[in-house]
*Asks:* 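The structure that follows is given in the form of structure tokens.
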Amino acid sequence: MKTKQIILTAASMMLLGLVSCKTNSEGGGSGSKPGAAVDMVAEGEPVVAEVTGAPHVPKPIGDRGPKKLIVNLVTTEIEGIIADSIPYTFWTFNNTVPGSFIRIREGDEVTLNLKNDATSILPHNIDLHAVTGPGGGAEASTAAPGKEASFTFKAINPGLFVYHCAAPPVPQHIGNGMYGLILVEPAGGLKPVDREYYIMQGDFYTKASKIKPGLLEFDNDKAVAEHPDYVLFNGKKGSMLGANMLEAKVGETVRLFVGNGGPNLTSSFHVIGEIFDNVYIEGGSAVSHNIQTTMIPAGGATIVEFKCDVPGEYVLVDHSLSRAFNKGAIGKLKVTGDANEKVFKHVKK
Amino acid sequence: MKKLNQFLVLAMTVLLFSCDKQQDSSQELVSKEESKTVQPISTEVKMITIPGGMYRPFYTSDSDIVKVEPFEIDERQVTNAEYLAFVKANPQWQKSRVKNTIYSDSTYLRDWPSDLELPPNADPEAPVTFVSWFAAKAFAESVGKRLPTLDEWEFIAMADQEVANAREKKSYSDDIIDLYVQKDRQFKKVKQSPPNYWGVYNMFDLVWEWTDDFNSILTTGDSRAGQYDDKGLFCAAGGATSASDLLNYAAFMRFSMRTTIKANYTISNLGFRCAKDAPTQ
């Protein structure tokens, strides 16, 4: 009797296993069973992960197994152009806003080395929303100017996650540009597409420096009032306009990894003239279809995919439109190729 | 059972003993180095008498008022020139002897070309930087002083140019932040900006400063933790959830810095000034 029960339980477990496997493969990149990545074995010697500045992303993980990776980030405080040749004091990961895009897979074991540049005035750290552990690594990675701190983590949840500095005062560190994205691909990787781009929105609160004429600096009062002067994609007005437009060809599939650093505003992300075929809701595993505008919380992200059917310039906006047309949250995707009159035709009279 | 008890008692005794021993020997090591070998030097810095008073630390609630006893404080930071005089009289604190020891990390006096040479571009009257807490303490001893306590430093830091406690003024934190975010301030001479209410210079505009008990504040590098802990001076720990004035961004920055550093750290924008107890009347 007892033996029978055990066999029965074992059989039903196996059945469950099979069923859940099937669900996974049907989900198309929704990842393994929740929690399964904890027990995945990361093979080989640690290698330094490729990281990229926006709008570029590193190579897809493809069908590789879990690995040991090293991610090196440097925190800096630098002057850069925020808009129309106006300089602003940005605080960054790897000298860019947003910081470098990190691309790993579930089950990977990551050593994160955070070096705070010797010329920094303040301590910095990193809280990765992809990390399961206290503060997302913030305390473990806190580094004084000129110092380095490290921690390791295992990526156990697939998805697109924000990372940011969490040193006090946090809104100022984020408001100065200290955020980026880390993509944890599910086992087997995301479905291949023709183009992938990295976009991150942020709200900027500025005032004129009393000490350096012409320089803009963070304005604490405006931040507390949540009243930004600029709302920007990739830390600069016009980062995806003119010569910097994103590009694709008719017939190609495009995937945008879109994050929102905040520190305060929620983004209503929209591409004028396109409908998102797929939206990975809030950057997680649930995929919705046929979406016009998708919400991206501050400290959140989303993956959108669409096919380019008709040539033209497609405008990327935060559809809270004063931000787009008055504060800078605007970019363009230029689609080139043959007209597709079945889908769109300008009737001239 | 009896045997087990005996064993436990024995084990505890051994543990206690070994703890004591360790502490003794490390204290010995530090005190030997500090007291037996520091040669006195004299400097010409004016000291300001601060009458002391009641003060509410940043990371506490209103009920945790601290009394600061009267003390004297250097009107400005220790300069490059003064530190050079110190290492001339105290070879054991020269760059080649201190770098990469328990008293300092690898960047002690980083830009000094040699043991007795200031960096080529350094202003002798700019604050000395790239000095560890151990080094700052030894310097203070050599001039017959000590490092200020965190409470003493913060007590003086409440003042702006007009009043002893400007915390409630909006401009107070704002003005400090304007200074804090400027780079390369540490290369400027001391005493080039106006003194505060007490007559003390450069509290905010040149460098971060070591205090004697810099690491006694229980906030973590992660300012949002808001955890409570039972070690150190104050009962409240954490950041945003326990700080008394949430809009005092300048204080957040200072505390963020202090909780990140260790006694052997040497940093490009971290210096110090000295203090001593006020003479008892």
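Order of the sequence lines fixes the chain letters, A, B, ..., with proteins taken first and strands second; residue numbering starts at 1 for each chain. Values in this document were obtained by computation on a predicted structure and should not be read as measured data.
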*Asks:* Relative to chain A, which of B:D175, B:V181, B:L179 shows the most heavy atom pairs under 4.5 Å?
*Replies:* B:V181
*Asks:* Between atom NZ of A:K147 and atom CD1 of B:I267, what is the distance when rounded to the nearest 0.5 Å?
*Replies:* 6.0 Å
*Asks:* Of the backbone (N, CA, C, O) and the side chain (C-beta and beyond), which part of B:N269 lies under 4.5 Å from a heavy atom of chain A, both, or neither?
*Replies:* side chain
*Asks:* What part of A:N176 gets within 4.5 angstrom of chain B, counting heavy atoms only: side chain, backbone, both, or neither?
*Replies:* neither
*Asks:* If you compare all heavy atoms of B:S268 against all heavy atoms of A:A118, which two are closest, and at what distance to 0.1 Å?
*Replies:* OG-O, 3.0 Å
*Asks:* Can you tell me how far apart CD (B:Q182) and NZ (A:K210) are? Round to the nearest 0.5 Å.
*Replies:* 10.5 Å
*Asks:* Would you say A:E282 has more than 12 foreign heavy atoms packed within less than 6.0 Å of its CD?
*Replies:* no
*Asks:* More than 12 heavy atoms of other residues, nucleotides or ligands under 6.0 Å from NZ of B:K99: is that the case?
*Replies:* no
*Asks:* Report the residues that fulfil ring-ring contact (aromatic ring centres under 6.0 Å, His included) with A:Y230, sequence neighbours left out, ordered by chain and then residue number.
*Replies:* none
*Asks:* If you tally heavy-atom pairs under 4.5 Å against chain B, which of A:I211, A:L215, A:D219, A:T89 wins?
*Replies:* A:I211
*Asks:* Given the options B:V207, B:I261, B:D105, B:L270, which has more heavy-atom pairs under 4.5 Å with chain A than any of the others?
*Replies:* B:D105
*Asks:* Taking B:T260's backbone N and O only, do any of them form a donor-acceptor pair with A:T142's side chain (distance below 3.5 Å, no angle check)?
*Replies:* no
*Asks:* Might you point out which heavy atoms bring A:I121 and B:M257 nearest each other, and give the distance in Å?
*Replies:* O-SD, 4.3 Å
*Asks:* Can any side-chain N or O of B:K183 pair as donor or acceptor with the backbone N or O of A:E77 at less than 3.5 Å?
*Replies:* yes
*Asks:* Using heavy-atom distances under 4.5 Å, tell me whether B:K170 contacts chain A through its side chain, its backbone, both, or neither.
*Replies:* side chain
*Asks:* What part of A:A143 gets within 4.5 angstrom of chain B, counting heavy atoms only: side chain, backbone, both, or neither?
*Replies:* backbone
*Asks:* Please determine whether a side-chain nitrogen of the Lys or Arg among A:K207 and B:D178 lies less than 4.0 Å from a carboxylate oxygen of the Asp or Glu.
*Replies:* yes
*Asks:* I'd like to know which of A:S141, A:P145, A:G146, A:P171 tops the heavy-atom pair count under 4.5 Å against chain B.
*Replies:* A:P145
*Asks:* With a cut-off of 6.0 Å (strictly less than), are more than 12 heavy atoms of other residues, nucleotides or ligands near NZ of B:K169?
*Replies:* yes
*Asks:* Check for a donor-acceptor pair, side chain of B:W208 on one end and backbone N or O of A:L122 on the other, with a separation under 3.5 Å.
*Replies:* no
*Asks:* Name the region of B:D184, side chain, backbone, both or neither, that has any atom closer than 4.5 Å to a heavy atom of chain A.
*Replies:* neither
*Asks:* Holding to salt bridge (charged side-chain N to carboxylate O under 4.0 Å, His left out), I want the full list of residues that pass it with A:K327, two or more places apart in sequence or in another chain.
*Replies:* none
